Every structure is written in C-alpha cells, then in structure tokens.
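Have a look at the structure below, then the notes.
These numbers were taken from a predicted model, which means no experiment stands behind them.
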Amino acid sequence: MGKSIFQTVIPQAIAEQAKGVLMFSLEMPRREVQARLIASIAYDPNLTPYEGDGGNVEFADLLRGHGTRQQRDRADSAARKLASLPMSVVDRGGLSLDDIINQSRRQVRAWEKAGVEPGAIVIDHLGLVSSRTQRDSKAAEVADTVDRLKAAAKQIGAPIIAAAQINRGPESRNDKRPTMGDLNWSGSIEQIADLVCLMYRDAYYLQRSPSQEDRDRAFIDKFELELIVPKNRSGPTCTLHAKIDTACNAIWDVPENQRRAA
C-alpha cells in the first residue's frame, strides 16, 4: 500500500528542516533505505525525459546499479544531499523497545551537543520490535510495546513515529479503505497514539481485479493516494489527497488546481 514509502519520506521531510531523525529499520536493510531516500530526494514530478534520459530514478535500479548517465547524475546529487541531512538509520534486527530507547537517548544527547533539534524517532515496524516479556501470543507482546510508546517518547525527548500493519479486514469489504479497527493491535494503538494516519490506494486493488476495465482504471489512477486521519488529538480528522510513485519511493502534494475537499 505504501507503508515503506511513507516511513522514509516523512523522516526525510523532517530532516530537511534541519531536525534530527533516527530511523530503526527493522524490516529493510540500510542499503535499501538509502536507495529509497536517494530516489525520493532526486524525484521531480514535472520531469520530462528526453533523448534517452530515462526519467526519474527508481530505487530498484539504484540497488541493481542500473540507469542512464542523467539518472546517475541525479542520484549522485541526491546522495550528497542525503549525506548532509541529520538523519541516521539503524538496521539491526531483534531490537527491543528498551534497546531503541537507549540508542535514541544517546543520539538525542549527540544532537544536542551539535546544536541539532531532535525531530523524530522512527520505528519500522512495530510487529518486529522484540519483546523482553514472554506472553501468550505475539499480539500480546506487541500490545505491551505499543502501551509503552508514550512513556518512551518522554524518556527519549522526541516524538515517535511507528509503522504498523493492518489485517485483511478491508479485503472482504466493498469499500476497502482501512479504519482504525483494521490495525493490528488496534486497541492499544487507538488509545496511545496522538495521531493515526492510514494509507489507501485504489489502484492497489483495481490492478488485481479480473476486470480489464478495472485494470485500465488502475493504470490511470496509479499515482493517486489517500491519507486517512481518523484520530488527531491536536487537530481535525480528515482525508488528504496526495500523489505517489511507488517505483521511485516518492510522495508529493496534489497540485493546487487539482485539489478537492474530503
């Protein structure tokens, strides 16, 4: 649906404001995270390829070492920008929330010494955080982790952005837009989170339809993204419309003349 994209472009946007970001990538290796970030930074939604240019950089091509000269030049420029951002990626698996808290507190102290304001701690994703307490089920273990997130953010001194997966509930409904009830361990997340944002792409389902008409629509709507905000302690709940390019790991604003109320 785009969770991995969202969990890289949001930290990127925070780091581009000169605020420190520490990302715990428990699912993707650092090399893939960096490739995604480079592709996102290099992305230009208005780029028109010419004379074999190749267009925007796809992160999979970066991982394989493919691309035209122009694409490599864009990637090199984006990599230099990425290196200048106050952003670090930890890709060691098997970390517990205590491990994440301890590493984050050390990083926050380092930022403070360098005069960098803490921006966010990112956890991708909650289901892969190891539990130090043996419980009857994985769901109970993750619920324990979720229940501690608020206190963890206070201990660290920075907001925590945590990714979570949804269950298969939407697949059995006509309207496949997710709700908070579809979140794995939703009870804990609904209670603890200050803000919940759910992602939905109509094209994701249309391209899997047996109907040729639906598949044609999926091609037309492939850049359409809905960001559903069902909980927001500090503001309104709403649905935001954005654009997404899954191959290039990019999300960007809908042009003002194409915006619609939701």
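No hydrogens or angles considered: a donor-acceptor pair under 3.5 Å links the side chains of Tyr200 and Asp202. A donor-acceptor pair shorter than 3.5 Å cannot be found between the side chains of Gln103 and Gln107. A donor-acceptor pair shorter than 3.5 Å can be found between the side chains of Thr8 and Asn249. Counting only N and O atoms by type, the side chains of Ser40 and Gln12 include a donor and acceptor under 3.5 Å apart. Looking only at atom types and distance, the side chain of Gln71 has no donor-acceptor partner in the side chain of Arg74 under 3.5 Å away.
Under the 4.0 Å criterion applied to side-chain N and carboxylate O atoms, Arg177 and Asp175 are assigned as salt-bridge partners. Using a cutoff of 4.0 Å between basic side-chain nitrogens and carboxylate oxygens, Glu171 and Arg208 are not scored as salt-bridged. Arg69 and Asp53 are not joined by a salt bridge, as no carboxylate oxygen comes within less than 4.0 angstrom of a charged side-chain nitrogen. Remark: Lys222 does not engage Asp245 in a salt bridge, criterion side-chain N to carboxylate O under 4.0 Å. Salt-bridge check for Glu32 with Arg36: passed, with a basic side-chain N closer than 4.0 Å to an acidic carboxylate O. Classification of Asp182 and Lys176 as a salt-bridged pair fails, no side-chain N sitting under 4.0 Å from a carboxylate O.
Note that the CG atom of Asp91 and the CG atom of Asp124 stand 12.0 Å from one another [nearest 0.5 Å]. Separating the OG1 atom in Thr179 from the CD1 atom in Ile166 is a distance of 8.5 Å, to the nearest 0.5 Å. Between Gln155 atom CD and Asn102 atom CG the span is 8.5 Å, to the nearest 0.5 Å.
Geometric assessment of Arg201 against the ring of Tyr205 yields a negative cation-pi assignment under the 6.0 Å and 45° thresholds.
A side chain to side chain contact (heavy atoms under 4.5 Å, CB included) with Val196 is found for one member of Thr237, Ile228, Leu183 and no other, namely Leu183.
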